[in-house]
Amino acid sequence: LKSQTRIARFFRAS
Amino acid sequence: MFELRLEQGSLLKKVMEAIKDLVNDANFDCSATGFSMQAMDSSHVALVALLLRSEGFEHYRCDRNISMGINLANMAKILKCAGNDDIVTVKADDGTDSVTFMFESPTQDKISDFELKLMDIDSEHLGIPEAEYDAIVRMPSAEFARICKDLSSIGDTVVISVTKEGVKFSTRGDIGTANIVCRQNTSVDKPEEATIIEMKEMVSLTFALRYMNSFAKATPLASQVTISLSSDLPVVVEYKIAEMGYIRFYLAPKIEE
């Protein structure tokens, strides 16, 4: 089963 | 002082319709470069980035960079009051807590203005790294919208796979499964109907369909959509805005943990 990731996992706060 | 004038006011209407259901509140940044916005949806799964370059406006003045916090549903309500052929002017004075939208009919016989209160929005600005994508698919935006709509009647998630054969959109649900394959198609006279697939590596990623359907609300902005995919990275769904910029939707994939 796949679970939903969040954007912050890939793009960090700048 | 900040002021922009756009003869094709319908463009702003379409931009708002494309993002108002995905994002609640956002900071619109005005600088010499242009009018831009970056915001996440409330679940922090998707990110929208909008850019309208200053050169694309008939008039653009920005004395100093400002950031305007706006509730998108309210801005959409105001822009709905503009006629499709209206010329739109947006202006904000330094130090005020509101922004004014002015709509002029093409014949100048009706002029309306609406003042919208600004709000303080504490939003995180994310850095989007430059990425080399494994596969880039360019296809008619209406076709992409149709596929997302059709698949969402069967399942909740879509697997997008790019191979030498083409791009495959698949779903499964209680009633069964669905697979839609689009092959590269460059031999059309009309470039807006082309499907072009640039593939460096085969890639297969899983996404929530409800976000894809939300992105597809940008379809009236562009005849083509570009879908950029890399393993274990957010997909980028991009609609170019005629001569002015773009609206890009980033969606985090579903991953086996």
Side-chain angles (χ1 to χ4, degrees), chain A, chain B residues 22-23 27 29 36 38-49 67 122-131 133 155-161 170-172 204-212 214-215 228-237 248-257:
Chain A
L1 201 75
K2 292 183 171 174
S3 52
Q4 180 65 62
T5 52
R6 287 183 160 208
I7 277 288
R9 173 174 171 155
F10 310 94
F11 301 159
R12 302 265 171 75
S14 61
Chain B
L22 190 65
V23 174
N27 282 314
D29 298 312
S36 64
Q38 189 204 86
M40 278 186 275
D41 78 296
S42 56
S43 310
H44 291 199
V45 166
L47 179 92
V48 189
S67 184
D122 186 22
S123 75
E124 216 178 0
H125 202 271
L126 298 181
I128 302 166
E130 284 287 315
Y133 286 93
D156 298 327
T157 60
V158 59
V159 180
I160 306 178
S161 312
S170 311
T171 193
R172 59 174 61 241
S204 182
L205 286 161
T206 306
F207 301 101
L209 268 171
R210 81 180 173 90
Y211 288 98
M212 291 292 180
S214 180
F215 305 163
S228 304
L229 301 139
S230 269
S231 290
D232 295 347
L233 270 187
V235 62
V236 192
V237 179
R248 289 180 187 150
F249 299 99
Y250 297 83
L251 178 59
K254 290 186 165 216
I255 289 177
E256 220 147 336
E257 302 282 355

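As the structure is a prediction and not an experimental result, all values here were calculated from the model. FYI, side chains are in, hydrogens and waters are out, and symmetry mates aren't considered; it's all heavy atoms of this structure. Per chain, numbering begins at 1; letters A, B, ... match sequence-line order.
- Proximity to chain A involves both the backbone and the side chain of B:Glu256, based on heavy atoms less than 4.5 angstrom apart.
- The two residues B:Ile255 and A:Phe10 come nearest to each other via the heavy atoms CD1-CZ, 4.2 Å.
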Throw together a table of side-chain donor-acceptor distances under 3.5 angstrom for residues 1-9 of chain A, partners on residues two or more places apart or in other chains.
{"from": "A:Lys2", "atom 1": "NZ", "to": "B:Thr206", "atom 2": "OG1", "distance (Å)": "3.3"}
{"from": "A:Gln4", "atom 1": "NE2", "to": "B:Ala252", "atom 2": "O", "distance (Å)": "2.9"}
{"from": "A:Thr5", "atom 1": "OG1", "to": "B:Pro253", "atom 2": "O", "distance (Å)": "2.4"}
{"from": "A:Arg9", "atom 1": "NH1", "to": "B:Glu257", "atom 2": "OE2", "distance (Å)": "3.3"}

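- For the set B:Asp41, B:Ile128, B:Leu251, the count of heavy-atom pairs under 4.5 angstrom toward chain A peaks at B:Ile128.
- Using a 4.5 Å cut-off between heavy atoms, B:Asp232 touches chain A through its backbone atoms (N, CA, C, O) alone.
- Using a 4.5 Å cut-off between heavy atoms, B:Thr157 does not touch chain A at all.
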